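Structure, as structure tokens:
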Number of protein chains: 2
Amino acid sequence: MTGLRERKKQATREALREAALRLALERGPDNVRVDDIAEAAGVSPRTYNNYFAGRDHAIVAAVTAERESRIAAAVAASSAPLASAVVEAVVAEHHNPGERGRDTLLLITTHPSLRAAYADSAESLEGPLADAIAARIDDTSTATVLAACVAAAVRVGLQQWLGQAQKVGALVVPPGPLEEPLRAALAPLAPALTAAEKPA
Amino acid sequence: MTGLRERKKQATREALREAALRLALERGPDNVRVDDIAEAAGVSPRTYNNYFAGRDHAIVAAVTAERESRIAAAVAASSAPLASAVVEAVVAEHHNPGERGRDTLLLITTHPSLRAAYADSAESLEGPLADAIAARIDDTSTATVLAACVAAAVRVGLQQWLGQAQKVGALVVPPGPLEEPLRAALAPLAPALTAAEKPA
DNA sequence: CACGAAACTTGCGTGCACGCAAGTTTGCGT
DNA sequence: ACGCAAACTTGCGTGCACGCAAGTTTCGTG
């Protein structure tokens, strides 16, 4: 039941993402204003803000699009213990930058304001993941808390990873594998996830 | 070693908090602009933003001032197991609205944008608490993650509490005790805190 | 098919966050 | 006591977020 409405919304969202990314790669992120993105996507500047809350969100979304939903779906579908289901879903979805993601991530790691926006993108996990966890354990409020914690941990992991970059003098170094910091950040949460799963 | 510099900074910060709160109570938060607060505190509007990142931060800060540091200090000083040290410190520091806090909290719970700001104030726990936890377990990166999780949980607890309010029709109801939602939100984290404390 | 409600877009206006580059104050070493 | 360096304040300019109130498109229903 995907009406025309929904398809148009997705199309606009994607158009904005694409436009934002293209312009950012062409001119550098600092030389892209919201108005430019909106114009390139063929909508009004005001509409941009109906889709994205901040200027960089659209650029970052070109990499992170739909990631939350896929993670949530994976957790809901997995038959592994909750703790590992979550960790594996998160790691898996972050591990494939997906071709064009490579240069985009380089752009993001290079640029301070984009780094912040990228780290914050973990926050969008909270809602979907809460639903997924709630479906597995039967305690909505615990699920909410745990989802918030996972999101926070992912954010910390991303920050750690981003911090690794750019350390070597003035030379910009694409950071190492994201997997390790992510697992490290999620590890301390495992006991909480496990405890929540057991009937008591 | 508190030089003149530091004392002046605290004075300005407090002046801004007080001015913000006073004006908000007088006129209602929507009729207070940043310029008004700055003027009332005797500094330039630009300086306001050197102290507070958002418009409502100053108002909320009148209630939450220094809370983070006190919680962090309590955790660092406590000899109880980490999990209960954290919970008790958080609960204790949130439980005393402190006289004038009463009406201020009513103002905050009443007003949507202030509610968001209040919930977000939990975020400021992250840094100080991370240090305090790091001092107790000996693993900085785990401490960072756990602090982020505690902050997230506190935020969820506050949101829960704020949600309770205003439920009864159009009648504004001062929400019940904050303690219960807070404890409930922190409970799922206990296993993680406990596990981090044990040598392995 | 027609039509009313609900969703979405858009222009406009307002207040705000924040970088930058002076100007001013504080602190410290000699 | 002096003067330099670092910290803090301020004015200014720019781009942005977002409420609001029309205007437009989509959708379910009779």
Side-chain angles (χ1 to χ4, degrees), chain A residues 1-17 19-20 23-24 26-61 110-117 119-121 123-124, chain B residues 1-17 19-20 23-24 26-61 110-117 119-121 123-124:
Chain A
M1 184 203 164
T2 76
L4 175 55
R5 240 183 177 78
E6 200 59 29
R7 261 175 293 143
K8 270 197 174 178
K9 264 180 64 166
Q10 293 311 322
T12 302
R13 181 167 257 109
E14 185 177 336
L16 284 169
R17 281 197 305 243
L23 292 177
E26 279 177 15
R27 315 181 184 172
D30 284 334
N31 303 321
V32 179
R33 295 191 302 276
V34 166
D35 300 27
D36 301 330
I37 302 175
E39 188 185 11
V43 296
S44 94
R46 183 63 183 85
T47 294
Y48 176 93
N49 277 301
N50 292 339
Y51 283 86
F52 297 100
R55 196 208 59 163
D56 340 318
H57 288 34
I59 302 174
V60 165
T110 299
H111 214 85
S113 94
L114 292 184
R115 303 207 293 181
D120 284 350
S121 77
E123 183 184 350
S124 60
Chain B
M1 180 204 165
T2 72
L4 176 55
R5 237 178 175 83
E6 200 60 29
R7 263 176 293 142
K8 271 198 173 176
K9 262 180 65 167
Q10 292 311 320
T12 302
R13 179 168 258 109
E14 185 177 336
L16 284 169
R17 280 196 307 241
L23 292 176
E26 281 177 15
R27 316 181 184 172
D30 283 335
N31 303 322
V32 180
R33 294 190 301 278
V34 165
D35 299 27
D36 301 330
I37 302 175
E39 188 185 10
V43 297
S44 92
R46 182 64 182 83
T47 294
Y48 176 93
N49 278 301
N50 292 338
Y51 283 86
F52 297 100
R55 196 208 58 161
D56 338 318
H57 287 34
I59 302 175
V60 166
T110 299
H111 214 84
S113 95
L114 291 185
R115 305 207 292 181
D120 284 351
S121 77
E123 182 184 350
S124 59

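Fair warning: this is a prediction, and the values are worked out from it, not measured in the lab. Lettering of chains follows the sequences in order, A, B, ..., and the numbering in each one begins at 1.
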Value in whole Å for how far the C1' atom of C:dC18 lies from NE2 of B:H57: 14 Å

Closest non-hydrogen atom pair between B:T110 and B:P112, with its separation: O-CD, 3.4 Å

Presence of B:N49 side-chain N/O under 4.0 Å of C:dC18 phosphate oxygens OP1/OP2: no

Distances for protein N/O vs nucleotides 21-25 of chain C N/O pairs under 3.5 angstrom?
none

Degree of bending, the helix from C:dC1-D:dG30 to C:dT30-D:dA1 (end axes from five pairs; round to 10°): 30°

With sequence neighbours excluded, residues passing side chain to side chain donor-acceptor pair (under 3.5 Å) with B:D35: none

Atom pair distance, as rounded to whole Å: CG in A:N50 and P in D:dA17: 12 Å

Those residues that, when tested against A:E123, pass side chain to side chain contact (heavy atoms under 4.5 Å, CB included) (two or more places apart): A:E126

Nearest heavy-atom neighbours spanning A:L114 and A:P29: CD1-CG, 3.7 Å

Closest approach of A:I37 to A:V32 (non-hydrogen atoms, all atoms of both residues): CG1-CG1, 3.5 Å

Under 4.0 angstrom between B:Y51 side-chain N/O and D:dT9 OP1 or OP2: yes

Any residue meeting side chain to side chain contact (heavy atoms under 4.5 Å, CB included) with A:S113, in chain and number order, not counting sequence neighbours: A:R55, A:D56, A:H111

Between P of D:dC16 and CG of A:D30, the distance in whole Å: 11 Å

Partner set under ring pair (Phe, Tyr, Trp, His ring centres under 6.0 Å) for A:Y51, not counting sequence neighbours: none

Rounded distance in Å - CZ (A:F52) to P (D:dC18): 14 Å

Sequence neighbours left out, cut at 3.5 Å: what donor-acceptor pairs do the side chains of residues 39-46 of chain A make with other protein atoms?
from	atom 1	to	atom 2	distance (Å)
A:S44	OG	A:R46	N	3.1
A:S44	OG	A:T47	N	3.2
A:S44	OG	A:T47	OG1	3.4
A:R46	NH1	A:N50	OD1	3.0

Test side chain to side chain donor-acceptor pair (under 3.5 Å) applied to A:D120 - qualifying residues, sequence neighbours left out: none

Nucleotide D:dT9, atom P - distance to CD of B:E6 in whole Å: 11 Å

Residue-level proximity of residues 10-17 of chain A to DNA chain C when a heavy atom falls under 4.0 Å: none

Whole-Å gap separating P (C:dC18) and CG (A:D56): 12 Å

Whole-Å distance separating the NZ atom of A:K9 from the P atom of C:dT10: 14 Å

Partner set under side chain to side chain donor-acceptor pair (under 3.5 Å) for B:R33, not counting sequence neighbours: none

Shortest non-hydrogen contact from A:A58 toward A:Y48: CB-OH, 3.3 Å

Beyond-backbone contact of A:E14 with A:Q10, side-chain heavy atoms, under 4.5 angstrom: no

Pull out every protein N or O sitting under 3.5 Å from an N or O of nucleotides 11-15 of chain C, one pair per line with the distance.
from	atom 1	to	atom 2	distance (Å)
C:dG11	O6	A:R46	NE	3.4

Side-chain touch B:L23/B:E26, heavy atoms, less than 4.5 angstrom: yes

With sequence neighbours excluded, residues passing side chain to side chain donor-acceptor pair (under 3.5 Å) with A:R27: A:D36

